[in-house]
Amino acid sequence: MAVRALWFDRGRLHLLDQRELPGRVLVRHLRTVEEVAEAIRTLTVRGAPSIGVAAAYGMVLAAARRRHTPASAAQLLGETRPTAHDLFVGIEEVREAWAGGRDPRAAADAYAHRIVDECHRIGEAGASLFRGDPKVLTHCNAGALATVEWGTALAPLRVAHDRGSKLFVWVDETRPLLQGSRLTAWELAQEHIPHAVIADNAAGFFIHRGDVDAVIVGADRIARNGDVANKVGTYEKAVLARENGVPFYVAAPMSTFDATLEHGDQIPIEERGAEEIAFAGDRRLAPRASPVRNPAFDVTPARYVTGFVTPFGVVRAAGLRRLLDQHPARGNAHSKSESNPVRRRKTPIARSKRTFK
Ligand code: MRU
């Protein structure tokens with residue numbers, strides 16, 4: 001698998017700029033924790049596990065410069081994107097090492113290796129769900145770009161394809177930032193996995209016609225009861241799947257599970273800038289006078305999830321508490337949870353692109 005979303009060497013974090021794909025393969029080279037925070041905020045790097053690993057290396061850069069304390073660097077990074085739980089796990093892994101006098105770089109490397117290893121195990125655990133010639137729908141991008149390497153939702157599809165499955169993937173375009181058509185389709189095309197991009201609102205049409213055998217998505221945060229925060233639009237796909245008798249799977253590494261939250265209403269939901277909805281590139285789509293709302297994620301209740309594809313196998317919601325008790329994750333110290341909040345965040349990708357050279 002050739003795609004690697006980010007790597008660290010010679011004191012710099014190197015990122016594939018995900019805003020530029022599929023048009024250009026551009027690598028950014030970051031030297032400071034401030035640059036890493038900006039890259040996370042602007043979706044230069046995105047996808048919960050990739051965000052977590054980028055933040056871990058952001059902590060390493062902060063430790064090297066000595067302008068920050070472990071707490072101030074953790075706070076800077078923790079304020080970038082509130083929903084992805086992996087962000088807080090990545091930060092906490094390195095904060096703890098740094099504050100305890102251990103090597104921050106070794107802690108970040110260990111976290112990155114763990115994510116990649118868990119993604120491979122997710123691929124193995126879920127591949128048998130996609131034997132034969134299934135048509136599978138996915139939303140957003142939960143591939144290598146979102147997870148450093150390999151992917152979560154795409155990992156079982158990759159393994160099944162490698163083992164001879166004739167699977168086909170419906171790729172939701174994923175409005176407003178098009179992670180499906182820009183990123184998932186790019187990854188699938190690289191590997192010659194048959195697929196087609198569809199408008200988000202076409203999913204119901206194909207599911208109802210019997211053209212979808214399974215849905216698989218990634219996640220940004222999963223509560224103890226199995227409620228899942230993922231890219232906005234996921235919830236409606238889950239309801240459509242249930243209505244039409246189609247299994248709905250969620251694939252995630254352990255750092256996406258937030259064992260401190262009992263249910264999904266406690267998950268903080270990021271709201272991004274109006275520009276992402278009101279513009280296509282430089283062209284205004286919505287009237288200037290019209291207010292816009294732009295929640296980046298929604299919460300799918302656990303009852304819609306057929307199974308969670310984890311590094312430890314495919315688990316039903318009822319089995320999650322036991323799994324989480326057996327494999328506790330760090331990261332909750334800086335993760336702010338409230339009762340059903342929607343945060344306003346004015347960090348449009350277009351504005352950041354202009355300032356981030
Ligand atoms: O806003 P994004 O692009 O960071 O949102 C990403 C998603 O919603 C992914 O589905 C999720 O992070 C899973 S990544 C393996």
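Just so you know, ligand 1 is whichever comes first in the structure, and atom 1 is the first atom listed for that ligand.
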S.K.: If you draw the axis of the six-membered ring of Phe257, does the NZ or CZ of Arg224 fall within 45° of it and under 6.0 Å from the ring centre?
M.R.: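 Judged by the rule, Arg224 and Phe257 form no cation-pi pair.
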S.K.: Do Val116 and Trp150 have side chains that get closer than 4.5 Å, going by heavy atoms?
M.R.: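 No - every pair of side-chain heavy atoms lies 4.5 Å or more apart.
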S.K.: Mind checking whether Trp186 and Val25 have side chains closer than 4.5 Å, heavy atoms only?
M.R.: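 Yes, at least one pair of side-chain atoms sits under 4.5 Å.
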S.K.: Do other residues, nucleotides or ligands put more than 12 heavy atoms under 6.0 Å from the CZ atom of Arg284?
M.R.: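 It does: Arg284 CZ has more than 12 such atoms within range.
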S.K.: With a 4.0 Å cut-off on N to O distance, would you call Arg121 and Glu118 a salt bridge?
M.R.: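 A salt bridge is absent here (no side-chain N lies under 4.0 Å from a carboxylate O).
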S.K.: Indicate whether any N or O donor in one side chain lies under 3.5 Å from an N or O acceptor in the other, for Tyr235 and Asn230.
M.R.: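 Note: Tyr235 and Asn230 side chains miss the donor-acceptor criterion.
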S.K.: Protein residues near ligand 1, heavy-atom distance below 4.0 Å?
M.R.: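 Residues Arg46, Gly47, Ala48, Pro49, Arg81, Cys140, Asn141, Ala142, Ala146, Thr147, Thr152, Gln179, Gly218, Ala219, Asp220, Asn230, Lys231, Phe297 each place a heavy atom under 4.0 Å from ligand 1, listed by chain and number.
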